[in-house]
Amino acid sequence: MAVLVPRSLAAAVGMLDEHPGAVVLAGGTDLLVEINERHRTIGDELTVVAVNRVPELRAWTFDRDARTLRLGAGVTYTEIAADPIAAFVPALAQAARTVGSPQIRNTATIGGNLATCSPAGDGLPVLVAVDADVELVSTSGTRTLPVGEFMVGVKQTALAPGELISAVNVPLLDGWQGYSKVGVRNAMVIAISGVCLAVDRPSRSVRIALGSVAPTIVRAADAEAFAAERVDWGRGPGNETVSADDAAEFGRLAAAASQPITDHRSTADYRRHSIDVLARRLLGRAFAVEEAA
Ligand SMILES: Cc1cc2nc3c(=O)[nH]c(=O)nc-3n(C[C@H](O)[C@H](O)[C@H](O)COP(=O)(O)OP(=O)(O)OC[C@H]3O[C@@H](n4cnc5c(N)ncnc54)[C@H](O)[C@@H]3O)c2cc1C
């Protein structure tokens with residue numbers, strides 16, 4: 001096995017081009033588990049391209065005019081969980097804080113979470129809710145895909161041979177946002193279900209994305225349309241309200257958008273129920289809930 005350690009993005013994609021079938025290594029928190037569990041074999045022929053010393057992948061930038069945060073694929077969950085990134089995308093920071101343990105977060109990257117493309121990846125519902133784009137680079141150039149098109153199935157992505165995720169572009173919304181997940185304990189747990197809710201006041205939209213309840217992350221379009229109509233936006237920023245009945249219906253609509261399975265972590269029924277509860281709870285954090293008189 002050969003391990004190559006590029007020091008620039010150009011060198012990294014050059015190596016992937018020269019070594020078809022090479023495996024990218026970022027933080028290693030998914031890849032090494034796969035190798036340990038023998039889901040992936042390492043033979044003498046294998047080339048690993050370890051990208052954690054590529055400065056372009058480690059960097060993040062804020063574009064004030066476009067109101068977009070560009071996170072290099074190698075930005076870690078520890079960095080995302082803290083300011084300044086946390087102040088820009090609070091829901092992503094909340095999701096980051098639920099990933100594994102401090103040791104895992106110190107090395108696990110947003111690019112690795114995307115490339116693994118598990119339906120339980122905690123960063124992914126947030127990226128889907130805010131309509132993030134994934135930037136892919138190879139020796140042929142750069143292309144950008146909406147995250148919903150990048151994820152094509154359980155642990156399947158649109159990454160082409162020789163391509164590397166270089167960054168994820170995260171639009172900054174104007175409104176409350178949050179991420180909640182259900183697991184069998186409070187830390188070091190893969191989500192049984194996860195929900196991101198993100199409000200954008202200027203467009204009067206409520207976005208909701210569901211994790212661990214379908215082959216990839218799904219948006220609950222009916223719940224979104226219902227909330228946009230039923231929230232009382234007229235009371236001004238921070239004073240919007242929703243009725244308790246409408247919050248309950250929002251939860252039901254969100255749960256109806258899930259397509260959960262029963263597996264070793266949960267039953268499908270429990271997953272569906274948990275989406276209902278999480279969606280309703282998050283809506284109640286975004287807006288004041290008014291009980292009927
Ligand atoms: C103990 C433990 C707990 C965990 N808990 C959670 C959790 O709570 N929530 C959660 O979401 N995840 C969890 N994970 C999974 C993992 O930490 C995350 O998915 C993490 O974001 C993976 O990032 P990484 O940099 O370690 O990826 P790696 O393991 O280095 O790579 C993962 C995959 O992505 C590919 N890849 C990496 N970077 C790129 C790139 N730039 N371009 C193209 N392909 C790339 C690799 O080739 C590999 O196939 C846990 C893992 C462990 C071991």
Side-chain angles (χ1 to χ4, degrees), residues 3-6 9 11-13 15-16 19 21-37 39-42 46-59 71-81 92 94-128 134-138 142-143 145 150-151 154-168 179-194 196 211-212 216-217 265:
V3 179
L4 306 177
V5 186
L9 194 55
V13 291
M15 288 168 183
L16 290 177
H19 301 275
V23 172
V24 174
L25 173 75
T29 60
D30 275 325
L31 189 62
L32 295 182
V33 171
E34 273 189 37
I35 291 169
N36 286 344
E37 292 182 352
H39 297 147
R40 217 189 263 245
T41 39
I42 310 186
L46 184 73
T47 300
V48 172
V49 177
V51 295
N52 54 355
R53 295 196 186 152
V54 173
E56 295 97 319
L57 299 180
R58 302 298 306 266
L71 296 175
V75 173
T76 65
Y77 273 121
T78 293
E79 294 169 283
I80 291 170
L92 194 57
Q94 285 174 17
R97 291 179 202 123
T98 76
V99 171
S101 61
Q103 294 89 339
I104 295 293
R105 294 194 286 274
N106 279 343
T107 176
T109 63
I110 187 83
N113 212 205
L114 275 163
T116 293
C117 200
S118 160
D122 283 305
L124 309 185
V126 182
L127 299 180
V128 170
V134 184
E135 193 185 282
L136 306 171
V137 65
S138 69
T142 302
R143 65 183 177 126
L145 285 179
F150 173 78
M151 303 179 304
V154 178
K155 299 197 171 181
Q156 287 181 316
T157 71
L159 261 174
E163 262 184 340
L164 197 61
I165 303 171
S166 43
V168 53
Y179 175 77
S180 285
K181 107 189 196 188
V182 168
V184 291
R185 56 188 182 205
N186 280 339
M188 286 288 281
V189 71
I190 300 297
I192 284 173
S193 66
C196 176
S212 292
T216 62
I217 311 303
R265 290 205 178 90

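Ligands are counted one by one from 1 in listed order, and the atoms in each one are counted from 1 as well. This chain uses plain numbering: 1 for the first residue, then up along the sequence.
- Look at Thr116 and you'll find a heavy atom under 4.0 Å from some atom of ligand 1.
- For ligand 1, none of its N or O atoms has an N or O atom of Glu163 under 3.5 Å away.
- The heavy-atom pair separating Met15 from Val5 by the smallest distance is CE-C, 4.4 Å.
- Here the shortest heavy-atom distance to atom 2 (C) of ligand 1, taken over Leu25, Leu31, Ile104, belongs to Ile104.
- In summary, the atoms of ligand 1 found under 4.0 Å from a heavy atom of Tyr77, numbered by their order in the structure, are 21 (O).
- Note: an N/O pair closer than 3.5 Å links Gly100 and ligand 1 by distance alone.
- At under 3.5 Å, not a single nitrogen or oxygen of Ile190, backbone or side chain, sits near a nitrogen or oxygen of ligand 1.
- The nearest protein atom to atom 27 (O) of ligand 1, hydrogens excluded, is given as Gly112 CA, 3.5 Å; this is a heavy-atom distance.
- In terms of polar-atom proximity, defined here as any N/O pair under 3.5 Å, Ala26 does make such a contact with ligand 1.
- Heavy atoms of Lys155 come nearer than 4.0 angstrom to ligand 1 in no pair at all.
- The shortest heavy-atom distance from Lys181 to ligand 1 is under 4.0 Å.
- By the criterion of a heavy-atom distance under 4.0 Å, neither the backbone nor the side chain of Arg105 is placed next to ligand 1.
- Counting only non-hydrogen atoms, the option in Ile165, Leu164, Val168, Asp122 that gets closest to atom 11 (O) of ligand 1 is Asp122.
- Here the heavy atom of the protein found nearest to atom 44 (N) of ligand 1 is Ala115 CB, 3.5 Å.
- Not close to ligand 1: Leu32, with no non-hydrogen atom less than 4.0 angstrom away.
- What sits closest to atom 17 (O) of ligand 1 on the protein, heavy atoms only, is Thr29 OG1, 2.7 Å.
- Thr116 places no side-chain N or O within donor-acceptor distance of the main-chain N or O of Ser118, the cut-off being under 3.5 Å.
- Residue Glu34 does not touch ligand 1, judged by heavy-atom distances below 4.0 Å.
- Considering both main-chain and side-chain atoms, Val24 comes within under 3.5 Å of ligand 1 through a nitrogen or oxygen pair.
- Residue contacts with ligand 1: Val33 is placed with no nitrogen or oxygen under 3.5 Å of a nitrogen or oxygen of the ligand (distance criterion only).
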